[in-house]
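One structure is given here, and the rest of the page talks about it.
All values reported here derive from a predicted model rather than from experimental measurement. Counting starts at 1 for both ligands and their atoms, in listed order.
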Amino acid sequence: MNGPPPVARISATARYLPERVVTNADLEALVDTSDTWIRERTGIRERRIAPDDVSAADMGARAACGALRKAGLSASDIDMLVVTTATPDHLLPSTACEIQARIGASRSCVAFDLQAACTGFLYAVSVAEGCVAAGRGQNVLVVSTEKMSTIVDWEDRATCILFGDGAGAAVVQPTVNGEGILSSFHRSDGDLVPLLQRRAGGAVMPLDEDSLRNKEHMLRMSGREVFKSAVRSMAHAGRRVIKEAGLTASDIDLMVPHQANARIIEATARHAGIGMDKVFVNLDRYGNISSATIPVGLDEAAEQGLIGPGSNILMTAFGAGLTWGAMLMRW
Ligand code: UT7
């Protein structure tokens, strides 16, 4: 191994997916699309949509409690709570504070949101790693939770077919037997902000009659440009973390990529030299749950026995900003 020995590991994961399934056929009734187009262009068959009265914090809290339970921790053991979401319950205060209250961790830890769109989970795990490395805490809870159904324009066929709701959580703790984060690489490109954004609702364009009528508060995306940038940046980041860890593509036991589009996943895996038999995909069932895709994927993969002690796991993600990154972890 090339780099310094790992200091932090993911010791437990959990997920929460809402029960309601919305299929591609259901979307045919809403916009001019077809099940065939969606499957062939994206790989998505269905997605989960949360009820009106269940928020991102509600879903995140459920995933958080699951991860704490699996790690054998109680809420008062948490030193830091980092939450990633593109769909905060409120613009102010943070969704992290909402989740902190729901799980009974108020006052006993610091809680804050980290905004990196779909790349949020990887950024947050790196922040957690830094906390552990600096000796600032032993138990960091990362929660990625998204209610994408509230920010997609259900009349825009280019975006509404892509996204779903759900949450994933992970507990980050000090390494025990040499397992944990071997290498990571994160970048962002602020010049590409216009490719994927919600223009209204912040301080620059507060909600008013005009912005609401023009749906400026909804997600808008230049899909084709994002697609190309995603493949390039994730493939580069993936190759880089493999090399930095002193490994080769053949050492990777499972790749758990951000689930945005099956074609993006296939191209990224190909460029990184990883066969699709070693790539975890659940996009067909959940669509793109933004920052929650990787923790949900890790949790399902572990449950299915696809990863176990000693597995080398490559995670890659990209999202609005644009942001991107990769992380290599020994389980
Ligand atoms: O987590 C980060 C979030 N971002 C992403 O995941 C976006 C990455 N980009 C993509 O996944 C793909 O670019 C899309 C799936 C969004 C679009 O696929 P594409 O192959 O890039 O299609 P396109 O945008 O070039 O559109 C091709 C055609 C267009 O029609 P014309 O102009 O050729 O007549 C679109 O109007 O497909 C049309 N189209 C649709 N047709 C049926 C776009 N959306 C749909 C739809 N159903 N839902």
Output the list of atoms in ligand 1 that are nearer than 4.0 Å to some heavy atom of [X], sorted by atom number.
X      : result
His258 : 1 (O)
Arg41  : 19 (P), 20 (O), 22 (O), 27 (C)
Arg263 : 18 (O), 19 (P), 20 (O)
Phe318 : 2 (C)
Arg224 : 13 (O), 23 (P), 25 (O)
Cys118 : 1 (O), 2 (C)

If you round to the nearest 0.5 Å, how far is [atom2] of [Y] from [atom1] of [X]?
X      : Y      : atom1 : atom2 : value
Arg220 : Leu195 : CZ    : CG    : 15.0 Å
Phe163 : Met221 : CZ    : CE    : 5.0 Å
Asp89  : Glu98  : CG    : CD    : 5.0 Å

Who's closest to atom 6 (O) of ligand 1 heavy-atom-wise, of Ser222, Ala230, Ala260?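 Checking each option, the heavy atom nearest atom 6 (O) of ligand 1 is found in Ala260.
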
Between ligand 1 and Thr42, can you find any atom pair, the residue atom being a heavy atom, that is separated by under 4.0 Å?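 Yes, Thr42 has a heavy atom closer than 4.0 Å to ligand 1.
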
Can you find an N or O of Gly223 that's nearer than 3.5 Å to an N or O of ligand 1?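 Among all N and O atoms of Gly223, at least one is under 3.5 Å from an N or O of ligand 1.
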
With distance as the sole criterion, is a donor-acceptor pair present between the side chains of His186 and Ser126 under 3.5 Å?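 Short answer, yes.
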
With distance as the sole criterion, is a donor-acceptor pair present between the side chains of Gln173 and Ser11 under 3.5 Å?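 Yes, a side-chain donor-acceptor pair sits under 3.5 Å.
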
Applying a 4.0 Å heavy-atom criterion (strictly less than), which segment of Asn261 is in contact with ligand 1: side chain, backbone, both, or neither?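 For Asn261, only side-chain atoms sit under 4.0 Å from ligand 1.
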
Looking at [atom], what's its closest protein heavy atom, distance included?
atom                    : value
atom 39 (N) of ligand 1 : Trp37 CZ2, 3.4 Å
atom 29 (C) of ligand 1 : Arg157 NH2, 4.7 Å
atom 3 (C) of ligand 1  : Asn288 ND2, 3.6 Å
atom 5 (C) of ligand 1  : Met221 SD, 3.6 Å

For Arg102, I'd like to know if atom CZ has over 12 heavy atoms of other residues, nucleotides or ligands within 6.0 Å.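 Yes, because the 6.0 Å sphere around CZ of Arg102 holds more than 12 heavy atoms from other groups.
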
Determine whether a donor-acceptor pair (N or O, by modelled atom type, separation under 3.5 Å) exists between the side chain of Asp113 and the backbone of Ser94.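 It does not hold such a pair.
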
Does Arg62 make a cation-pi contact with Tyr16, if we ask for NZ or CZ under 6.0 Å from the ring centre and within 45° of the axis?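 Yes, cation above the ring, under 6.0 Å and within 45°.
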
Below 4.0 angstrom, counting only protein heavy atoms, does anything approach atom 48 (N) of ligand 1?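 When distances to the protein are checked, atom 48 (N) of ligand 1 has a heavy atom within 4.0 Å.
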
How about atom 37 (O) of ligand 1: does it have a protein heavy atom within less than 4.0 Å?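 So far as the 4.0 Å threshold goes, atom 37 (O) of ligand 1 is in reach of a protein heavy atom.
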
Test: Asp79 and Arg136 ion pair at under 4.0 Å: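 Looking at Arg136 together with Asp79, the answer is no, because their closest N to O distance does not fall below 4.0 Å.
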
So do the side chains of Thr23 and Arg45 get within less than 4.5 Å of each other, counting heavy atoms only?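 The answer is no; the side chains never approach within 4.5 Å.
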
